[in-house]
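Here the structure is a predicted model, which means the values were calculated and not measured.
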Amino acid sequence: MNLSRVTSLLIRGRRVYRTAGFVCGERIRDAAVLLKNSYSVSAVRDRTALLHRNHGEPSQVVQLESLVLPQMGPESVLVKMLAAPINPSDLNMIQGTYAILPELPAVGGNEGVGQVMEVGDKVKTLKVGDWVIPRDAGIGTWRTAAVLKADDLVTLPKDIPVLSAATLGVNPCTAFRMLTDFEELKPGDTVIQNAANSGVGQAVIQIAAAKGIQTINVVRDRPDLQQLSDRLTALGATHVITEETLRRPEMKELFKSCPRPKLALNGVGGKSATELLRHLQSGGSMVTYGGMAKQPVTVPVSALIFKDVKIRGFWVTQWKRDNKHDEDALRNMLDELCILIRAGKLSAPACTEVCLQDFRKALENAMKPYVSTKQVFVM
């Protein structure tokens, strides 16, 4: 084997071997099953991961391979991954279009929950058995096990559902910060958002409802529109409308039952974002956190001159990095979200649990339009 081939098989200190015929473990049904009284390091020493060596179509460039984990360091921990979702940002990273890209070859996935199986001699913040999630993007969560720096992880309580824990660090945190940091919202106020059936959108609906804030939720028209509308309403949505309705005169009737929104949340861009702006009250804010339409945000001059709206952007990864040294900022947010989860006021998005060996189908499904369930790898 030549040197370039050897180099290509190293991933952050891990040697990678091509393998086949992996057996998927049982689906996660009961969190208690995952808690054991004793842990075997050898049981997780050689594990599998979803890697990509090139950027491109995720279902084509991602491969299931075997990793030999590096030796434990004094400040590292051995983590057995329990579950990890597929998010749009994960797909964008693999495609090579995201703002940050890990060095190739790379393990996919930026979010997920794992269980600590072993801790280094100098680790004081974590203990064996803890549930942990990444503090930042780029760790690579689509794997069965990893040796990670303790400082790169934050604990979660083990009395919340596994799927809630696996999907907590990105979408609910994004929703929480956008509802908190841009406008002072009080009970009875209104928020309008597009992409309302997305992971962020579902979290916005639930967190807003828990705070007594009304939501106008915009979705694309689709064959199962009524079913989707019923599901979002069950989560706490005040109104569910289509993109077409957003542009129609009947919006005036809607605003007879609720005040015009102080805050608009844009995950789409293009015409959808422009229409959100038209319905903001004077001095309100539109926060853009995504651009699924891959079209620029166009701001009407009248919205700037006569309504003095504020145009902002938000990226939860940057927020976490800006608050890296403020231990309480992330901790307090996660604690508040977990309180909502325990109270039954914040649930995980509708999920489809998938084995790592079924990754191609999962990646293809994650790329399809009008799919309202999140693909989650369970290990």
Side-chain angles (χ1 to χ4, degrees), residues 11-16 22 24-28 31-51 64-87 90 102 105-170 173 320 330-331 334 338 353-356 359 376-379:
I11 299 183
R12 300 175 187 171
R14 302 160 174 79
R15 190 176 297 277
V16 180
F22 299 105
C24 179
E26 294 183 359
R27 295 287 202 271
I28 296 175
V33 174
L34 299 168
L35 302 178
K36 299 180 180 179
N37 294 323
S38 61
Y39 303 95
S40 171
V41 175
S42 62
V44 296
R45 181 60 66 187
D46 299 299
R47 288 303 187 186
T48 54
L50 295 175
L51 301 109
L64 181 62
E65 308 194 13
S66 178
L67 298 181
V68 177
L69 302 180
Q71 293 296 315
M72 287 278 298
E75 298 178 347
S76 61
V77 295
L78 176 66
V79 176
K80 178 186 183 300
M81 292 303 300
L82 305 179
I86 301 177
N87 289 320
D90 303 327
V107 177
N110 292 294
E111 184 182 29
V113 63
Q115 189 170 29
V116 175
M117 309 299 282
E118 182 183 355
V119 299
D121 295 339
K122 294 184 179 180
V123 175
K124 305 299 181 183
T125 56
L126 301 174
K127 63 183 183 300
V128 171
D130 280 348
W131 280 10
V132 290
I133 63 173
R135 287 183 179 272
D136 199 356
I139 281 181
T141 56
W142 298 350
R143 62 171 97 205
T144 54
V147 173
L148 303 169
K149 292 182 179 178
D151 289 345
D152 291 338
L153 302 167
V154 61
T155 59
L156 286 184
K158 292 181 283 190
D159 62 350
I160 63 174
V162 173
L163 293 179
S164 292
T167 57
L168 185 61
V170 176
C173 289
K320 290 177 179 178
L330 179 58
R331 181 75 271 160
L334 293 175
C338 287
E353 299 175 28
V354 186
C355 296
L356 282 182
F359 70 95
V376 180
F377 294 116
V378 292
M379 281 67 87

Nearest non-hydrogen partners of [X] and [Y], listed with the distance:
X: Pro70; Y: Val147; value: O-CG2, 3.7 Å
X: Ala166; Y: Pro85; value: O-CD, 3.4 Å
X: Glu65; Y: Leu51; value: CB-CD1, 3.4 Å
X: Gly169; Y: Ile133; value: CA-CD1, 4.3 Å
X: Val79; Y: Gly114; value: CG1-CA, 3.7 Å
X: Thr141; Y: Gly112; value: CG2-N, 4.1 Å

Find the distance between NZ (Lys320) and CZ (Arg135) and round it off to the nearest 0.5 Å.
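Here the interatomic distance stands at 10.0 Å.
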Approximate separation, where rounding is to 0.5 Å, of Thr48 OG1 and Leu67 CG:
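It comes to 7.5 Å.
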What I'd like to find out is whether the side chain of Leu148 reaches to under 4.5 Å of the side chain of Pro134, using heavy atoms alone.
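No, every pair of side-chain atoms sits at 4.5 Å or beyond.
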I'd like to check Thr125 versus Leu153 (side-chain heavy atoms, cut-off strictly below 4.5 Å). Are they in contact?
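No; the side chains remain at least 4.5 Å from each other.
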Partners of Asp136 by side chain to side chain donor-acceptor pair (under 3.5 Å), sequence neighbours excluded?
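Applying side chain to side chain donor-acceptor pair (under 3.5 Å) to Asp136 gives Arg321.
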Dump the intermediate steps for side chain to side chain contact (heavy atoms under 4.5 Å, CB included) on Val116 and Val123, then the final yes or no.
CA-CA 12 Å; Val116 175; Val123 175; over 6 Å; no
Do side-chain atoms of [X] reach the backbone of [Y] as a donor and acceptor pair under 3.5 angstrom?
X: Glu118; Y: Leu78; value: no
X: Lys158; Y: Gly129; value: yes
X: Glu111; Y: Val170; value: yes
X: Thr167; Y: Leu163; value: yes
X: Arg143; Y: Met81; value: no

Pair Leu356-Leu64, side chain to side chain contact (heavy atoms under 4.5 Å, CB included): steps then yes or no:
CA-CA 8 Å; Leu356 282 182; Leu64 181 62; 4.1 Å; yes
Would you please name every residue forming a salt bridge (charged side-chain N to carboxylate O under 4.0 Å, His left out) with Lys127, sequence neighbours left out?
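Once residues adjacent in sequence are excluded, the partners of Lys127 under the salt bridge (charged side-chain N to carboxylate O under 4.0 Å, His left out) criterion are Asp130.
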Might you work through the side chain to side chain contact (heavy atoms under 4.5 Å, CB included) test for Thr155 and Arg331, ending with a clear yes or no?
CA-CA 9 Å; Thr155 59; Arg331 181 75 271 160; 3.2 Å; yes
Is there any ring pair (Phe, Tyr, Trp, His ring centres under 6.0 Å) pair reaching into residues 139-161, and which pairs are they, with sequence neighbours excluded?
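Qualifying pairs: Trp142-Phe377.
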From CA spacing to verdict: side chain to side chain contact (heavy atoms under 4.5 Å, CB included), Leu156, Ser164
CA-CA 10 Å; Leu156 286 184; Ser164 292; over 6 Å; no
Should the heavy atoms of other residues, nucleotides or ligands under 6.0 Å from CG of Asp151 be counted, would the total exceed 12?
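It does not: Asp151 CG has 12 such atoms or fewer within range.
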